[in-house]
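This one's a predicted model, so the numbers in the text were calculated from it and none came from an experiment. Ligands are counted one by one from 1 in listed order, and the atoms in each one are counted from 1 as well.
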Amino acid sequence: MTAPRPRPEILTIDAYVAGQSKVQGVNRIIKLSSNEGAFGPAPAAQEAYRRVAAEIHRYPDGGSVALREALGKRFGLDPERIVCGTGSDELIQHLCHIYGGPGTDIIMSMHGFSMYQISGTYAGSRVLKAPERNLTTDVDAILAAVTPDTRIVFVANPNNPTGSLLPQSEMERLRAGLPPEVLLAIDAAYAEYVTEPGYDPGVKLVDAGENTVMLRTFSKVYALGGLRVGWCYAPASVTDVLNRVRGVFNVNLGAQAAAIAALEEQGWIDCAIAHNTEFRAKLSSFLESVGIKVWPSHGNFILADFGTPARAEAADAFLRGRGIIVRGMAAYDLPHCLRITIGNGEECALVADALGSFMAGQRHG
Ligand SMILES: *Cc1c(COP(=O)(O)O)cnc(C)c1O
């Protein structure tokens with residue numbers, strides 16, 4: 001063997017399976033596989049992106065200062081305690097490498113976001129998956145999995161792909177039950193879509209101590225997934241180390257400009273949220289009415305449960321035949337489910353119509 005050899009644990013990582021965007025032989029594709037914003041980016045964000053085109057020979061501001069100030073203003077946070085990243089994925093990866101590594105454990109829940117497993121294993125940590133209860137993070141199961149080797153606990157709240165939400169009291173119980181030296185990373189990628197009273201995306205727990213971080217993204221409601229912008233709000237001790245290791249110019253010029261403009265066009269975001277709340281409920285109750293179980297969701301997607309992997313696969317194939325791409329869930333150990341992003345009104349109607357026909361066929365065939 002003369003080829004360079006990776007560390008053995010690297011070969012245990014299954015590459016992230018992104019939502020697909022093509023179906024052979026179909027021209028018009030309805031892509032509901034990646035939880036991208038239903039209406040696309042705010043016009044002001046598009047305009048800002050175009051405006052910087054003539055300046056892309058310049059390096060971006062490596063500290064994303066203007067963007068952090070805009071975030072601070074929008075969310076009432078100290079910009080010094082914000083770090084921006086090339087998507088929140090970059091920040092997840094850095095946290096794993098900073099606090100994890102060989103001989104350490106990282107805990108996530110059974111059906112948690114798969115980037116925690118990929119990045120944790122990459123860092124050399126053992127990634128433990130705590131059982132869930134009713135497809136919801138189980139605080140007791142996570143606490144039971146803690147050992148002296150535990151360094152990070154990742155909780156997406158709301159969780160992708162299950163859509164479930166832990167109440168603030170449960171998040172507080174989790175934090176209180178963890179050893180203080182264990183980092184709690186609260187991933188609030190879908191925070192904007194939550195309508196539950198009393199929900200806090202993580203700010204309160206970050207502010208309450210030195211050991212909690214909140215991760216956010218521009219990829220969902222801000223509809224800038226293609227530009228890769230995420231951020232975290234964290235204690236100073238954590239922002240200090242993140243700033244030492246992150247890509248020096250991690251958030252590119254166009255991404256910073258578009259993200260700032262997107263924050264300024266709050267009306268666009270409010271419309272997207274109102275649409276999501278309405279159509280998440282409508283699509284869920286329609287699917288239930290034709291006999292598909294839908295798990296309650298607090299994000300911009302729903303988890304449709306077909307009962308068996310065979311039926312979920314058949315539904316997936318049926319949708320593809322109509323040019324509709326949703327997300328198969330085998331990689332999340334939920335092969336009997338499909339995750340469906342809440343699209344615009346027409347897209348929701350098309351997916352409802354298709355699944356209505358599919359279920360009618362199941363009954364008569
Ligand atoms: C989409 C998503 C992210 C965002 O990733 P980006 O790298 O910012 O695009 C993070 N966490 C969860 C749970 C997600 O679903």
Would you find a donor on one side and an acceptor on the other, under 3.5 Å apart, between the side chain of Thr86 and the backbone of Asn250?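 Checking the backbone N and O of Asn250 against the side chain of Thr86, a donor-acceptor pair under 3.5 Å is found.
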
Using 30° and 60° as the class limits, which term best fits the ring planes of Tyr222 and Phe218: parallel, tilted or perpendicular?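 Plane angle between 30° and 60°, so tilted.
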
A quick test of your reading: do over 12 heavy atoms of other residues, nucleotides or ligands sit less than 6.0 Å from NZ of Lys73?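 Not buried by this count: 12 neighbours or fewer within 6.0 Å.
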
Can you name the nearest heavy-atom pair linking Ile186 to Gly202, along with the distance?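 Nearest heavy atoms, Ile186 then Gly202: CD1-CA, 4.0 Å.
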
Would you say the side chains of Asn211 and Glu181 form a donor-acceptor pair under 3.5 Å?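 No - no donor-acceptor pair under 3.5 Å links their side chains.
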
Who clusters with Phe249? Use side-chain heavy atoms, under 4.5 angstrom, across I, L, V, M, F, W and Y, and order the result by chain and number.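 Result for Phe249 is Tyr59, Val248.
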
Enumerate the protein residues lying less than 4.0 Å from ligand 1, judged by heavy-atom distances, in chain and residue-number order.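 Shell around ligand 1 (4.0 Å, heavy atoms): Gly87, Ser88, Asp89, Phe113, Asn160, Asp187, Ala189, Tyr190, Thr217, Ser219, Lys220, Arg228.
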
